[in-house]
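Heads up, the thing below is written out as structure tokens.
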Amino acid sequence: MLRKAKHVHGCYNDGFTQTMISVIGGLPMGIGIFAVWPLARRFGKRNVTLAGFILYAAGGMICWMHPTNMTIMLIGQLIKNIGGLPCSYVFMALFADVLDHMEWKTGFRSDGLEMSVYNIIAIAMAGVCTGLFNGLLARNGYVAPELVNGVTVAAIQNEAVKNVITFGYVGLEVITAVILVVLLSFLNVEKDIDKKQEEIKER
């Protein structure tokens, strides 16, 4: 996000831009923990998570369409981060319901296997995506910042580089959020989950 603040918003170390982005990003996370679980209990973890990803995609699209307008971008960032609350606080509980459903269906408890796959993907993709992102930057003519008289000065990037940065930070998130909305729409493991958990205990 700092790279985006430097090269897309047109600033570097102004002490304001990155602070505003961080505050807008962090505020919903602090307040939202008190709202997400009551909503999840009322409407279901799947439904709240799905609605969250819809908001996430909508907020990300706003940021993607207006990357150089600070006010509009911050509004989009706020919507995006509100939408991200269920993923942060509810998703793993929904994942646990999936594990319970799988044990009820197959008789096999797969927590260790599933979490291993989850962590392998998370760790491996961090390196792969960073490499792809940096490769796209280099291919499109990215110019690294320079140290001038002890002050780090950001270079002026061409439009292709700015587009890569914007897509990497918000565009790709919009696409993945839409994919998750589609996938979650088919997830119904919460149906009769209490009954399934009781049956598991009785085995």
Taking the side chain from [X] and the backbone from [Y], do they hold a donor-acceptor pair closer than 3.5 Å?
X	Y	value
R46	N188	no
S185	V182	yes
Q157	V143	yes
E190	K45	yes

Walk me through it: do R42 and V48 pass the test side chain to side chain contact (heavy atoms under 4.5 Å, CB included)? CA-CA 9 Å; R42 181 177 177 82; V48 170; over 6 Å; no
Enclosure of R109 CZ (heavy-atom neighbours >12, cutoff 6.0 Å)
yes
Subject >> F95, CZ: over 12 other non-hydrogen atoms inside 6.0 angstrom >> reply: yes
When rounded to the nearest 0.5 Å, the distance separating CG of L99 from CG of L113 is 10.0 Å
- Should M115 and M92 count as side-chain neighbours, where that means a heavy-atom distance under 4.5 Å? yes
When you compare the side chain of K80 with that of E173, does any pair of heavy atoms fall below 4.5 Å?
yes
Heavy atoms of V90 and W37 approach each other most closely as CA-CZ2, 4.3 Å
Pair F133 + Y169: ring centers closer than 6.0 Å: yes
